[in-house]
Amino acid sequence: MAALGREAGAELKDAGVVPVRAGEVPKDIRMATYTHGQPSLSLGDTEFRRPMVIEIIEKKFEYLRKEKTLNIYGTVFFGTAASFSGIMANFIFRHCFKVKHDALKTYASLTTLPFLSTVVTYKLLVTDALYLGNISQENCVLRSSLIGIVCGVLYPCGLAFSKNGRLAVKYHTVPLPPKGRVLLYWLLLCQTEIKAMMIPLVLQTVFGIFNGLQHYARFGSTLEKTVHED
């Protein structure tokens with residue numbers, strides 16, 4: 001029997017078949033199992049996919065950079081329009097109250113404060129809410145136009161009215177009103193010139209609507225392109 005086993009082993013060896021010991025998995029089967037369980041990427045696939053990933057990342061950064069740039073430009077333009085509205089309001093109320101003192105102080109505050117209030121309010125109520133997905137297109141336009149009206153017209157008018165009114169009382173440039181009727185007296189005093197503020201009111205409303213529409217459109221386009229690239 002041993003002789004027959006040796007003869008059979010010799011014949012298999014001559015035929016190119018390697019005998020397998022008990023409990024040992026053939027090498028070819030092990031390689032096939034490893035290849036099926038863990039497919040390895042070739043060097044060509046790795047070199048091909050790496051530039052694609054880098055290109056997708058660069059496109060995303062480019063989309064976000066363009067959207068952010070537009071947002072900055074639109075917000076700065078919106079705030080600048082509010083500053084011009086503050087300058088106009090200060091000029092009107094200084095003329096109504098016949099104030100000629102502290103011109104630099106009043107003009108500086110009426111230029112910077114409306115600008116800062118518009119920029120900060122727009123960022124909080126429009127930009128941040130838009131990135132969080134909390135507002136629709138109509139809500140975005142409505143908020144932007146209201147910011148233009150409140151921060152770009154009403155706030156500069158109230159600020160110029162109070163500052164120049166105090167200066168008028170301090171320097172006695174206009175007759176003092178009766179007690180308890182200060183606000184009514186000053187409003188009657190400025191009722192003709194204050195109508196000129198309708199110009200910045202209309203402009204700020206138009207700017208707000210246009211800025212809200214453009215900002216929402218750019219944000220939607222950036223979001224769609226980013227999702228498409230994913």
Side-chain angles (χ1 to χ4, degrees), residues 57-95 99 102-164 193-229:
I57 294 174
E58 289 179 352
K59 286 183 179 180
K60 289 182 179 181
F61 276 113
E62 183 68 18
Y63 295 151
L64 293 175
R65 185 188 66 80
K66 288 181 179 179
E67 199 279 331
K68 185 178 179 181
T69 302
L70 177 67
N71 180 26
I72 293 175
Y73 289 161
T75 307
V76 170
F77 178 78
F78 210 21
T80 304
S83 295
F84 281 110
S85 179
I87 293 173
M88 185 175 180
N90 189 52
F91 176 80
I92 290 174
F93 284 108
R94 285 181 68 86
H95 177 72
V99 176
D102 299 333
L104 181 61
K105 183 178 179 180
T106 55
Y107 275 110
S109 61
L110 263 298
T111 303
T112 57
L113 292 179
F115 176 84
L116 294 175
S117 63
T118 301
V119 170
V120 173
T121 307
Y122 188 86
K123 182 182 183 303
L124 293 176
L125 297 183
V126 178
T127 303
D128 293 346
L130 192 60
Y131 278 97
L132 292 174
N134 295 332
I135 57 176
S136 60
Q137 182 180 9
E138 294 77 10
N139 202 352
C140 180
V141 174
L142 179 61
R143 291 188 182 190
S144 182
S145 59
L146 287 177
I147 290 171
I149 295 172
V150 175
C151 298
V153 180
L154 298 181
Y155 175 64
C157 285
L159 189 62
F161 183 82
S162 62
K163 283 183 174 294
N164 291 288
E193 289 82 356
I194 197 64
K195 294 179 181 179
M197 291 302 297
M198 290 298 297
I199 298 175
L201 178 63
V202 174
L203 291 177
Q204 285 293 93
T205 305
V206 173
F207 290 160
I209 295 174
F210 177 76
N211 197 32
L213 286 173
Q214 195 174 22
H215 192 184
Y216 189 87
R218 174 64 69 173
F219 175 77
S221 176
T222 304
L223 184 63
E224 182 180 356
K225 289 179 180 179
T226 305
V227 173
H228 179 71
E229 291 295 337

Cut-off 3.5 Å, no hydrogens considered: what does the side-chain donor-acceptor table look like for residues 102-109, sequence neighbours left out?
{"unit_1": "Thr106", "atom_1": "OG1", "unit_2": "Asn90", "atom_2": "ND2", "d": "3.4"}
{"unit_1": "Thr106", "atom_1": "OG1", "unit_2": "Arg94", "atom_2": "NH1", "d": "3.3"}
{"unit_1": "Thr106", "atom_1": "OG1", "unit_2": "Asp102", "atom_2": "O", "d": "3.1"}
{"unit_1": "Thr106", "atom_1": "OG1", "unit_2": "Ala103", "atom_2": "O", "d": "2.9"}
{"unit_1": "Ser109", "atom_1": "OG", "unit_2": "Lys105", "atom_2": "O", "d": "3.2"}
{"unit_1": "Ser109", "atom_1": "OG", "unit_2": "Thr106", "atom_2": "O", "d": "2.9"}

Validation row: Met88, Pro200 side chains within 4.5 angstrom (heavy atoms): yes
Sequence-distant partners of Ile199, side-chain contact (heavy atoms from CB on, under 4.5 Å), two or more places apart: Leu203
Over all atoms of both residues, closest heavy-atom pair of Gly208 and Phe78: CA-CZ, 3.5 Å
With sequence neighbours excluded, residues passing side-chain contact (heavy atoms from CB on, under 4.5 Å) with Ala129: Ile135, Arg143
Pairs satisfying side-chain hydrogen bond (donor to acceptor under 3.5 Å, both in side chains), at least one member in residues 145-163, at least two apart: none
Spacing of NZ belonging to Lys195 relative to CD1 belonging to Ile92, to within rounding of 0.5 Å: 12.5 Å
Closest non-hydrogen atom pair between Phe115 and Ser83, with its separation: CB-OG, 3.1 Å
Main-chain N/O of Ala81 paired to Ser85 side chain as donor or acceptor, under 3.5 Å: no
By side-chain contact (heavy atoms from CB on, under 4.5 Å) - contacts of Leu124 (at least two apart): Val120, Asp128
Derivation and outcome, side chain to side chain contact (heavy atoms under 4.5 Å, CB included), residues Ile87 and Leu110: CA-CA 6 Å; Ile87 293 173; Leu110 263 298; 5.8 Å; no
Minimum heavy-atom distance between Cys140 and Gly212, given as atom pair plus value: SG-O, 3.6 Å
Interatomic spacing from OG in Ser136 to OH in Tyr216 - rounded to 0.5 Å: 6.5 Å
Stepwise side chain to side chain contact (heavy atoms under 4.5 Å, CB included) check, Tyr73 with Gln214: CA-CA 11 Å; Tyr73 289 161; Gln214 195 174 22; over 6 Å; no
Asn211 versus Thr75, closest heavy-atom pair with distance: ND2-N, 4.3 Å
Step-by-step side chain to side chain contact (heavy atoms under 4.5 Å, CB included) determination, Ile147 to Gln204: CA-CA 9 Å; Ile147 290 171; Gln204 285 293 93; over 6 Å; no
Spacing of CG belonging to Leu116 relative to SG belonging to Cys151, to within rounding of 0.5 Å: 11.0 Å
Closest approach of Leu130 to Phe219 (non-hydrogen atoms, all atoms of both residues): O-CZ, 3.4 Å
Expected output: side-chain Ser117 to main-chain Pro114 donor-acceptor under 3.5 Å: yes
Closest non-hydrogen atom pair, Phe93 against Ala160: CD1-CB, 3.7 Å
Non-neighbouring partners of Phe207 that pass ring pair (Phe, Tyr, Trp, His ring centres under 6.0 Å), sequence neighbours left out: Phe77
